[in-house]
Amino acid sequence: MTLAATGSLVADAVRAQGAVLAFNVITLEHAEGIVLGLEAAGLPGILQVSENAVNFHGGRMAPLVAGCREVAASAGVPVSVHLDHVQDLELARSVVANAWPLGISSVMVDAAHLEYEANVATTAELAVAGHRTSLWIEAELGAIGGKDGAHAPGVRTDPEEAASFVARTGVDGLAVAVGSSHAMTSATAELDLDLIARLAERLPVPLVLHGSSGVPVPTLRAAVAAGIRKVNVGTALNVGYTAEVRQYLAADGAVTDPRKYLAPARNAVRDVVDRLSTDLLHT
């Protein structure tokens, strides 16, 4: 299987009135586990590397992204590589200019922390630049909760403002605030399904749901039925990953070989991806 393009995966989801799942990668074991899970479910998916993950790796993006590219390219199902939540403008410009050699086919420009007009200008600039090389560009409007406590709870994306934003920026997909929150470790979030439906009807681009780890699967299914076309998952993987590491180290305090505890951690990621993909999309 060759490396897929995010735009094609999202377009397939739009045609099927379904969704494509996108999973956040922090370590190579994340990427390997995600692809194993997608292969087990027999479904395509997206490997996402966030700016925070790049910073964790000392600001060096290429090694982790290259690992994701090679894991995706060797997968038995279509898998693409996406750069997620880029707030650093210089990093965004650099990625947009060099994305395809790295294997990146899509970028999320996260300028939602800026004032509205600055968000529009920044996003539009990067959308124009990205489209020159056929990148799929995602943006965010209406602050999504849970990002370092920066956003007040209860914020929602306004359909008319969103329509204007999409028209002025030319983005290909829009992450919307509809009740989910980043970094939730339990699936208790309630989504505004009516708002999702109104946004889907009003906007000419696919809707993206961030913070999906905190949403119960039946609600995620309803969100997809209402118009969500890309579903982002991160924290649920880390919950499974770290639980296995804790359990192994607690049972064997003398272990020094990280392969001993990273193998079950990788398998936990695989199982989360397989279960969520199957429960959400094989219905």
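We count residues from 1, following the sequence as given.
Among all heavy-atom pairs drawn from Leu207 and Gly227, the shortest one is CB-O, 3.8 Å. Ala75 and Val35 get closest at one heavy-atom pair: CB-CG1, 3.5 Å. Closest of all the heavy-atom pairs between Val269 and Gly33 is CG1-C, 3.8 Å. Heavy atoms only, all atoms of each residue included: Gly103 and Leu3 are closest at O-CD2, 3.5 Å. In terms of heavy-atom proximity, Ala226 sits nearest to Ala200 at O-CB, 3.6 Å. When every heavy atom of Ala19 is checked against every heavy atom of Val224, the shortest pair comes out as CB-CG2, 3.8 Å.
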Apply side chain to side chain contact (heavy atoms under 4.5 Å, CB included) to Val273 and Leu38, showing your working. CA-CA 6 Å; Val273 171; Leu38 290 170; 3.9 Å; yes

Is there a side chain to side chain contact (heavy atoms under 4.5 Å, CB included) between Asp110 and Glu51? Walk through the geometry before answering. CA-CA 10 Å; Asp110 182 0; Glu51 182 179 312; over 6 Å; no

Determine, step by step, whether Val208 and Asn232 satisfy the side chain to side chain contact (heavy atoms under 4.5 Å, CB included) criterion, reporting the C-alpha distance in whole Å, the side-chain angles of both residues, the deciding distance to 0.1 Å, and the verdict. CA-CA 7 Å; Val208 182; Asn232 287 17; 3.8 Å; yes

Working note: His85 + Asn52, criterion side chain to side chain contact (heavy atoms under 4.5 Å, CB included); need CA distance, chi angles, decisive distance, verdict. CA-CA 8 Å; His85 278 293; Asn52 284 339; over 6 Å; no

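By the side chain to side chain contact (heavy atoms under 4.5 Å, CB included) test, Arg270 pairs with Leu36, Asn267, sequence neighbours left out. Residues passing the ring pair (Phe, Tyr, Trp, His ring centres under 6.0 Å) test with Phe165, sequence neighbours excluded: none. Under the side chain to side chain contact (heavy atoms under 4.5 Å, CB included) criterion, Ala92 pairs with Val86, Leu126, not counting sequence neighbours. Listed by chain and number, the residues in a side chain to side chain contact (heavy atoms under 4.5 Å, CB included) with Ser164 are Tyr116, Arg168 (sequence neighbours excluded).
Looking at Pro159 and Leu195, their side chains come closer than 4.5 Å, going by heavy atoms from C-beta outward. Side-chain atoms of Asn238 and His30, non-hydrogen and from C-beta on, do get closer than 4.5 Å to each other. For the pair Thr157/Leu199, a side-chain contact is recorded, criterion being any heavy-atom separation below 4.5 Å from C-beta on. When side chains are defined from C-beta on, Pro44 does not count as touching Asp12, because their heavy atoms never get closer than 4.5 Å. Using a 4.5 Å heavy-atom threshold, the side chains of Lys260 and Asp252 count as separate. Considering only heavy atoms from C-beta on, Val217 comes within 4.5 Å of Leu276 through its side chain.
Under the 3.5 Å distance criterion, with hydrogens and angles disregarded, a donor-acceptor pair is assigned to the side chains of His131 and Asp172. In this model, no donor atom of one side chain and acceptor atom of the other lie less than 3.5 Å apart for Thr169 and Thr123.
Separation of atoms CD (Glu32) and CD (Glu70) is listed at 12.0 Å; rounding is to 0.5 Å. Atoms CG and CG, from Leu47 and Leu83 in turn, are 12.5 Å apart once rounded to the nearest 0.5 Å. Taking CZ of Arg198 as the reference point, atom CG of Leu203 lies at 11.0 Å (rounded to 0.5 Å). The OG atom of Ser74 sits 11.5 Å away from the CZ atom of Arg69 when rounded to the nearest 0.5 Å. For the atom pair CG of Leu220 and CG of Leu191, the computed distance is 7.0 Å after rounding to the nearest 0.5 Å. To the nearest 0.5 angstrom, Asn24 atom CG is 10.5 Å from Ile46 atom CD1.
Few gaps surround CD on Glu117; more than 12 heavy atoms of other groups in view lie less than 6.0 Å from it.
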When the side chains of residues 56-67 are checked against the rest of the protein, which donor-acceptor pairs come out under 3.5 Å, sequence neighbours left out?
residue : atom : partner : partner atom : Å
His57   : NE2  : Ile26   : O            : 2.7

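Checking side-chain atoms of Arg229 against main-chain N and O of Val205 turns up no donor-acceptor pair under 3.5 Å. Judged by distance alone, with hydrogens and angles left aside, the side-chain atoms of Thr278 form no donor-acceptor pair with the main-chain N or O of Ala41 at under 3.5 Å.
A continuous path of Ile, Leu, Val, Met, Phe, Trp and Tyr side chains, each step under 4.5 Å between heavy atoms, connects Val272 with Tyr248, placing both in one hydrophobic cluster. Hydrophobic clustering of Ile, Leu, Val, Met, Phe, Trp and Tyr side chains at less than 4.5 Å, counting indirect connections, unites Val109 with Leu89. Linking ILVMFWY side-chain heavy atoms closer than 4.5 Å, directly or via other members, places Val96 and Trp100 in a single hydrophobic cluster. Linking ILVMFWY residues whenever their side-chain heavy atoms come closer than 4.5 Å, directly or via other members, places Tyr261 and Leu237 in the same cluster. Linking Ile, Leu, Val, Met, Phe, Trp and Tyr whenever their side-chain heavy atoms come within less than 4.5 Å leaves Leu114 and Leu141 in two separate clusters.
Salt-bridge check for Glu90 with Arg93: passed, with a basic side-chain N closer than 4.0 Å to an acidic carboxylate O.
In the hydrophobic clustering, Met108 connects to no other residue, as no ILVMFWY side-chain heavy atoms lie under 4.5 Å from its own.
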